[in-house]
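Remarks on the structure that follows.
We name chains A, B, ... by the order of the sequence lines, and we start the count at 1 in each one.
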Protein chains: 2
Amino acid sequence: MSRPHRRATVHDIAAAAGVSRGTVSRVLNGGYVSAEARAAIEAAITEVGYVPNNAARALKMRRSQAVAFVALEPHSLFLDDPNIGSIMLGANAALSLADHQMVSLVVESARDTERVARYLSGGFVDGAIVVSARTRDPIIKVISELALPAAFVGHPPDLDQSIPFVGIDNAGSAQAITARLLAGGRRRIGMIAAALDRDSGIDRLAGFKAALGTAYDAELVADVPHYDYGSGVKGMRALLAAEPAIDGVFAASDAIAAGALEALREAGRSVPGDVGVVGFDDSTWAVRCQPQLSTVHQPAKQLGSCAAQLVLRQLRGEVLEPGGQLLPTPIVWRESA
Amino acid sequence: MSRPHRRATVHDIAAAAGVSRGTVSRVLNGGYVSAEARAAIEAAITEVGYVPNNAARALKMRRSQAVAFVALEPHSLFLDDPNIGSIMLGANAALSLADHQMVSLVVESARDTERVARYLSGGFVDGAIVVSARTRDPIIKVISELALPAAFVGHPPDLDQSIPFVGIDNAGSAQAITARLLAGGRRRIGMIAAALDRDSGIDRLAGFKAALGTAYDAELVADVPHYDYGSGVKGMRALLAAEPAIDGVFAASDAIAAGALEALREAGRSVPGDVGVVGFDDSTWAVRCQPQLSTVHQPAKQLGSCAAQLVLRQLRGEVLEPGGQLLPTPIVWRESA
DNA sequence: TTGTATGCGTTATCAG
DNA sequence: CTGATAACGCATACAA
């Protein structure tokens, strides 16, 4: 009965309605068309089961109405950083409002890198939002060379300063939360610093130093590779060994703080009684800990929507001045300190 | 100096190399071409900075080499289910091996639904992997009507039984872990059942009932809406109130189990001493808890790669027999029971 | 208001 | 081995 081996096209609907393709296109996209023609065409559309071909439209219009969301190092992102989901949702919401499709791409391997680069440059997307831990990546070079409208979330890309970004003030936030730990009367405050090969890690440590000033003691910072729970356990043990009298800890992430709590527990220290602990991210870790963590809130959803706006504005033709914007990071005070 | 206002095309490179477009296409896609022509063309390619246009290629080839990963209800997925990231990564790895680009789409609102439906039907993707909590969704109808090669992860779609799926045996797994709780000598075993509007929730409860047999007591199941931590706390409190002598609990998810642990702690019960607790998912929750959770392992990565294979096989022209496959779910035994 | 013709960038067919 | 030429499905300037 029905064997739609070939999808119905504008041509088919024109034939079915007894008009020309031009007229059909006009009712599809808006334009002058008589009421009777419109009626006939609309009937024909449902009759033949027309579904527009995006590839053809994109080819013609040089616009796909799609924006890529590129997650570099998704492994560390999805595992270490519980905020990635919220950033995606925030970006999607903003793009959705502007009737753009967000397509999120994952690059894990060299193979992925190459394929994604091709994908980005091929006209399937009009722009890209890049979220990454590291800021040097071949993908960024590709975007830069293609002059693809893009935005960075996290920190400024160091390959092309003209790509706008949105992020948070890691150093300032770290300094602020450490200061309040200090104001709480803690005297021997340490830090579990992580990911010192990334801007975020470096900046959080810098903020910590700044808050402590002359009281800063390099012996009291444990250096761990990742933002994860396991690193937190190890880092806290190291701190405890270095300074048994430690009474305050700034963990570079909530996951690390959770690990620190565990190490503290096994060492028989009470929190926040014996030692105060603060984290960073305000992720799900913060509330699932016992006690719940005082931490720096990351406005993940807004980060995503801001990045989306940055791309959308470029698509509208605006030329953005280089640089980026930092979103506020309120400190949320819970029981751990 | 260079103002590539218009991207270089096959036409340009043909002109630069002094050959025809056909010959260029031949070196691009493989075919007979003389060594000298090939050399000239390859030189021209880098000279003009050619980058292929996917939209045009997709239009011509009727293939985009892209497969959608559609997350329905991403909110509950990203928040409740820590496995979603792993499923994505698994699917991406499999697609990557077959040189297909995975593009993941998020549908949160009615607006999203409509836009994603258009996107899927427009030729930007060759197939789709759908992961969803609920199985009735307009998107599935669209896929079904378009006969888009697809696969479902989670449970069978009830709108179109011809769409293959990959999932786990929720009922069987629940029964198995409950049985071992029982074998451990627990006498008054309860369950915190969640999401009873979804297959997964219903099946886990069914498995629990089956394991208990005549010992099943409806008073000992707490019914909570979501798979999250907060629900676990409330559910456990309810159970404690209903049966103070409870000595075993099967939580419908690890997050719920974590919440239950918290409620147990506040009630002064020891785990696993006074009461044994088991969860479901083997997510990050499981190892962060104190004590760590005994739970049912979900092979998230394999779920993703299997779904990808299911789609890829259809793209190769295979006709899959209706139905699906269930992946094994080993029980991992830790300290909580 | 409507029809016709043209081109978007590719690949494929088919003579040369 | 290579060069014209014709689609793919759509939108649009232009003519009617």
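Rounded to whole Å, the distance from NE2 on H11(A) to C1' on dG3(C) is 14 Å. Regarding I41(B), its CD1 atom lies at a distance of 12 Å from the C1' atom of dG3(D), rounded to whole Å. In this structure, CG of L28(A) is placed 14 Å from C1' of dT12(D), rounded to the nearest angstrom. In this structure, CZ of R21(B) is placed 14 Å from P of dA7(D), rounded to the nearest angstrom. In this structure, the NZ atom of K60(A) is 16 Å from the P atom of dA5(C), given to the nearest Å. Atom pair R63(B):CZ and dA12(C):P shows a separation of 13 Å (rounding to whole Å applied). As a whole-Å value, the separation of N54(A) CG from dC8(D) P is 18 Å.
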>> Working note: R111(A) + D99(B), criterion salt bridge (charged side-chain N to carboxylate O under 4.0 Å, His left out); need CA distance, chi angles, decisive distance, verdict.
In response: CA-CA 9 Å; R111(A) 200 188 181 88; D99(B) 262 306; 3.4 Å; yes
> What do the steps show when you test F165(A) against L310(A) for side chain to side chain contact (heavy atoms under 4.5 Å, CB included), and what is the final call?
Replying inline: CA-CA 8 Å; F165(A) 70 92; L310(A) 251 22; 6.0 Å; no
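By the 6.0 Å contact criterion, CD on E318(A) is enclosed, its count of non-hydrogen atoms from other residues, nucleotides or ligands being greater than 12.
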List, with names and distances, any nitrogen or oxygen atoms from the protein found under 3.5 Å away from nitrogen or oxygen atoms belonging to nucleotides 14-16 of chain D.
none

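Judged by distance alone, the side chains of S96(B) and N92(B) never bring a donor and an acceptor atom under 3.5 Å apart.
Residue Y32(B) places no side-chain N or O under 4.0 Å from the OP1 or OP2 atom of dG3(D). Put simply, R57(A) has no side-chain N or O that comes within less than 4.0 Å of OP1 or OP2 on dG9(D). Contact annotation: T9(B) does not reach the phosphate of dG9(C) (side-chain N/O to OP1 or OP2, under 4.0 Å). Between N29(B) and dT11(C) there is a side-chain polar atom (N or O) within less than 4.0 angstrom of OP1 or OP2. Between dG9(D) and R62(B), a contact under 4.0 Å exists linking OP1 or OP2 to a side-chain N or O.
Nucleotides dA16(D) and dT12(D) are separated by 16 Å at their C1' atoms, to the nearest Å.
Nearest to the side-chain atoms of S20(A) among the listed nucleotides dG3(C), dT6(C), dT11(C) stands dG3(C). Minimum atom distance to the side chain of M61(B) is reached by dA12(C), of the listed dA12(C), dG9(C), dG9(D). Of the candidate nucleotides dC8(D), dC8(C), dG3(C), dC8(D) has the atom lying nearest to any side-chain atom of L59(B). With dT2(C), dG9(D), dT2(D) as the choices, the nucleotide that has an atom nearest any side-chain atom of T23(A) turns out to be dT2(C). Nearest nucleotide to the side chain of V33(A), out of dT12(D), dC10(D), dT2(C): dT2(C). The side chain of S34(B) approaches dC1(D) more closely than any other nucleotide in the set dT2(C), dC1(D), dG3(D).
Looking at D137(A), its side chain never comes within 3.5 Å of a backbone N or O of L72(A) through a donor-acceptor pair. A donor-acceptor contact shorter than 3.5 Å is absent between the side chain of Q65(B) and the backbone of Q101(B).
Counting heavy atoms from C-beta outward, V24(A) and I45(A) have side chains that stay 4.5 Å or more apart. Within the 4.5 Å cutoff, the side chain of L148(B) has heavy atoms near those of the L120(B) side chain.
Among the protein residues, A37(B) comes within range of the sugar-phosphate backbone only, with heavy atoms under 4.0 Å from sugar or phosphate atoms but none that close to a base. Nucleic acid contact class of A55(A) (heavy atoms, under 4.0 Å, all strands): none.
Nearest-nucleotide mapping onto DNA chain D: of E36(B) and V10(A), the residue sitting toward the 5' end is E36(B).
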